[in-house]
Amino acid sequence: MRFFLLPLLLVATSAFAAGGDTEFLAARDAFAKGNIARLNDLAPELRSHPLALYVEYWQLRSRLGDDPRADVRQFLETNSGALLANRLRADWLRQLARQKDWIEFRKEYGALIDPEPDLQCLALQARYVTRDFGVGRDAKSLWLTGRELPDTCGAVFDALVGNGEITEDDVWARVRLAFEAGNATVAKSAAQYLPAGRRPDPRSVDSATRNPQRYLEPKSLALKTRAQREVALYALGRTASNAPPGAAETWRRLQRHFPEEDRAYGWGVVATAAARRHQPEALDWYREAGKAALTDSQLGWKVRAALRAADWREVTNATEAMTSEEREKSVWRYWRARALAAQGREFEANAIFAILANEHGFHALLAAEELGTSVSVSRQYYRPLEGEVGAMASHPGLQRALAFYRIGLRYEGNLEWQWSIRGLEDTLLLAAAELARREGWYERAIATAERAEGLVNMELRYPMPYAELIRASAREVDIDEAWIYGLVRQESRFVPTARSTAGASGLMQLMPATAKWIANRLGLKDWRPALDEALHANVNFGSYYLKELLVRFDGSPVLASAAYNAGPRRAQEWRAPGAMEAAIYIDTIPFTETRDYVRKVMANAVQYARVLGNPQESLKARLGTVPPIKGDLKLGAQEP
């Protein structure tokens, strides 16, 4: 393949620094290091800076131990509704808890927005101490999780276990949830609330964690107590995640030692592990689970197994068994409607499609196409008025966000922006999105425009910066321009300096190893990793790699997109022996991140095709069919 490398330009991204920015960064550093004297020295110079409120917050926060109640109240009143007011209230609540001033704590807590888990637990403790006897019911929603909880939860849980409001069955429920999540440490910690003679043996838990298959092998495995059986179920789940058939064989041998409910539970664990690996026995093992109370996650994998087997009746049964909240997710509404249609229940199916088609996203587009239309007409197009954009430009929170962006503190800017647009009506959301677009913050423009529910502006949802570069790259390697835009929108939201925690960089989020491989393929001997983020190089290399994947995967953009995110080997492993509807391939991808990624890339591509002038673009046509698996990809040792 011929590839013309456009000039490699390292783009300077340093923004213009306004007066006081250097001093603000110094104040921020002083606060982080606990140098309050230096912070106080800098404060007078920053009174007119757009981020002066942060300096005031840092100064006040450093004095919370001195109990400055009047100053706290004044800050909260003066800055009511601001992000920092909510943050100071959270800090103040923690201070009140340290002082055990539970009455004042309860007064302030009601005004806190989105409390973190440690404060939720402190609020439960405050209610318990002040004799609010409904606290046990609310505490259980926090208790019933497999995640580690903050230390602040310990006191209230101790009390509720002690008085019987959290029962022994509740403790076992948390132990099992922790085992299901693979959190053996959390399970052992929760088990300490059980009577001494009825707790799982920590050494057995450790053994089941290290080598679950070996743990289950002995013919004389002790299974007489509930604790012993729970550890065995934990080992079964770990075994199933690696080798479902072996786990099924083991479970057939052991299940007679378990109560009927646990036998069904065990088959649900094995079946779900098999469904994640696309093994055809999964549906048979779900049937072995009988009437087990499967979780929503397990039922989701039952649906996926049924989709791969084209068993529409099982798709219907599994979606009906989900909780109402889970069942309302667009993915399950779409597949339930498809299943109903496949069983001759078109009227019921079309009723679901009609509602879903008026929403946004992958399954909404597919639903609209099932009804014979490719464009939703329920939302009104709206272009923000200049006065509305001006009002957003004057919004104090958005001004702070833009000031953070200017000095390179993107994370802090995003927090201010997200907080400030909460509760805005659609016209102002789109005005804020237009402000972000004008400032070059396309990620904020997209995220803000997507929050509008009744009004829509496709140019803000699907902006097209760097148009000449992307168009030239697409033409050079002969791939669809809309597809590149769809991928860049998902990868980086058009932030050229974006860098992931894994090390991917630039508009197309290239991994260093991938960039090096491409450079070698193109014979660029002087390639330097520092060029990975250069705008032209990043887009050209990403486009080249995308075309390589498209060719390798039989012209399927779905497989190529999956491979771009999760790697070629995984995309290959997820194929089936026979051809498969691409939407089924996508919705049965085992990785949540990749599954969501491919959906969005492909839906984005359709929308960009429309913006580019092809309003009749069909998502189904773009997805096509995933060809059957054809042996190994034969990747080279240096290939990404």
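One-based numbering along the sequence shown.
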- [ ] Compute the ring centroids of F75 and W58, then answer whether they are less than 6.0 Å apart.
- [x]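 No, the ring centres sit 6.0 Å or more apart.
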
TODO: Apply side chain to side chain contact (heavy atoms under 4.5 Å, CB included) to the pair W335 and H363, showing each step before the final yes or no.
DONE: CA-CA 9 Å; W335 289 116; H363 297 100; 4.2 Å; yes

Qualifying residues under salt bridge (Lys or Arg N to Asp or Glu O under 4.0 Å), relative to [X], sequence neighbours excluded:
{"X": "E412", "answer": "R28"}
{"X": "D101", "answer": "R69"}
{"X": "K107", "answer": "none"}
{"X": "E45", "answer": "none"}

Taking the side chain as everything from C-beta on, heavy atoms only, tell me whether [X] gets closer than 4.5 Å to [Y].
{"X": "I446", "Y": "W441", "answer": "no"}
{"X": "M392", "Y": "L424", "answer": "yes"}
{"X": "L507", "Y": "E491", "answer": "no"}
{"X": "H395", "Y": "S420", "answer": "yes"}
{"X": "Y442", "Y": "R489", "answer": "no"}
{"X": "L546", "Y": "W483", "answer": "yes"}
{"X": "Y466", "Y": "V539", "answer": "no"}
{"X": "N565", "Y": "F591", "answer": "no"}

Between [X] and [Y], is there a donor-acceptor pair closer than 3.5 Å when you use the side chain of the first and the backbone of the second?
{"X": "D296", "Y": "E326", "result": "no"}
{"X": "N604", "Y": "K600", "result": "yes"}
{"X": "N35", "Y": "A30", "result": "no"}
{"X": "N457", "Y": "E459", "result": "yes"}
{"X": "D132", "Y": "G134", "result": "yes"}
{"X": "S189", "Y": "T185", "result": "no"}
{"X": "S141", "Y": "D138", "result": "yes"}
{"X": "S394", "Y": "G390", "result": "yes"}
{"X": "N538", "Y": "M508", "result": "yes"}
{"X": "N86", "Y": "I113", "result": "yes"}

Heavy-atom neighbours of [X] [atom1] exceed 12 at 6.0 Å:
{"X": "R94", "atom1": "CZ", "answer": "yes"}
{"X": "E148", "atom1": "CD", "answer": "no"}
{"X": "R383", "atom1": "CZ", "answer": "no"}
{"X": "D114", "atom1": "CG", "answer": "no"}
{"X": "Q99", "atom1": "CD", "answer": "yes"}

Salt-bridge present ([X], [Y]; N to O < 4.0 Å):
{"X": "R451", "Y": "D426", "value": "no"}
{"X": "E56", "Y": "R61", "value": "no"}
{"X": "R595", "Y": "D587", "value": "no"}

By side-chain contact (heavy atoms from CB on, under 4.5 Å) - contacts of [X] (at least two apart):
{"X": "N414", "result": "Y405, R410, Q418, E443, R444"}
{"X": "A449", "result": "L430, A433, L460, R461"}
{"X": "R471", "result": "A467, R475, E481"}

What I want to check is whether the side chains of [X] and [Y] have a donor and an acceptor closer together than 3.5 Å.
{"X": "Q59", "Y": "N40", "value": "yes"}
{"X": "E108", "Y": "W92", "value": "no"}
{"X": "E425", "Y": "T427", "value": "yes"}
{"X": "D91", "Y": "Y57", "value": "yes"}
{"X": "T448", "Y": "W417", "value": "yes"}

- [ ] Would you please test R400 and L84 for side chain to side chain contact (heavy atoms under 4.5 Å, CB included) and show each step?
- [x] CA-CA 11 Å; R400 285 191 289 271; L84 286 183; 5.6 Å; no

Applying side chain to side chain donor-acceptor pair (under 3.5 Å), name anything that partners [X], two or more places apart in sequence or on another chain.
{"X": "T145", "value": "R147"}
{"X": "R327", "value": "none"}
{"X": "E434", "value": "R437, R438"}
{"X": "Q509", "value": "none"}

- [ ] Under the salt bridge (Lys or Arg N to Asp or Glu O under 4.0 Å) rule, what do D170 and R174 come out as? Steps first, then yes or no, please.
- [x] CA-CA 6 Å; D170 293 329; R174 180 150 192 242; over 6 Å; no

Open item on the list: side chain to side chain contact (heavy atoms under 4.5 Å, CB included), that's the test. Do R570 and I589 meet it? Break it down for me.
Closed with: CA-CA 9 Å; R570 292 193 180 106; I589 289 174; over 6 Å; no

If you round to the nearest 0.5 Å, how far is [atom2] of [Y] from [atom1] of [X]?
{"X": "E416", "Y": "I421", "atom1": "CD", "atom2": "CD1", "value": "12.0 Å"}
{"X": "Q95", "Y": "R63", "atom1": "CD", "atom2": "CZ", "value": "12.5 Å"}
{"X": "S330", "Y": "R599", "atom1": "OG", "atom2": "CZ", "value": "7.0 Å"}
{"X": "L619", "Y": "L366", "atom1": "CG", "atom2": "CG", "value": "4.5 Å"}
{"X": "D158", "Y": "I166", "atom1": "CG", "atom2": "CD1", "value": "9.5 Å"}

Task: Closest non-hydrogen atom pair, L88 against L64 - done: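 Minimum heavy-atom separation between L88 and L64: CD1-CD2, 4.3 Å.
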
- [ ] Mind jotting down which residue pairs meet the disulfide bond (SG atoms under 2.5 Å apart) criterion with at least one end in residues 50-154? Sequence neighbours excluded, please.
- [x] C121-C153

- [ ] For the residue pair Y462 and Y608, categorise the inter-ring angle as parallel (less than 30°), tilted (30 to 60°) or perpendicular (more than 60°).
- [x] perpendicular

Open item on the list: Parallel, tilted or perpendicular, judged at 30° and 60°: which one describes the rings of Y54 and F404?
Closed with: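 Ring orientation of Y54 relative to F404: perpendicular.
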
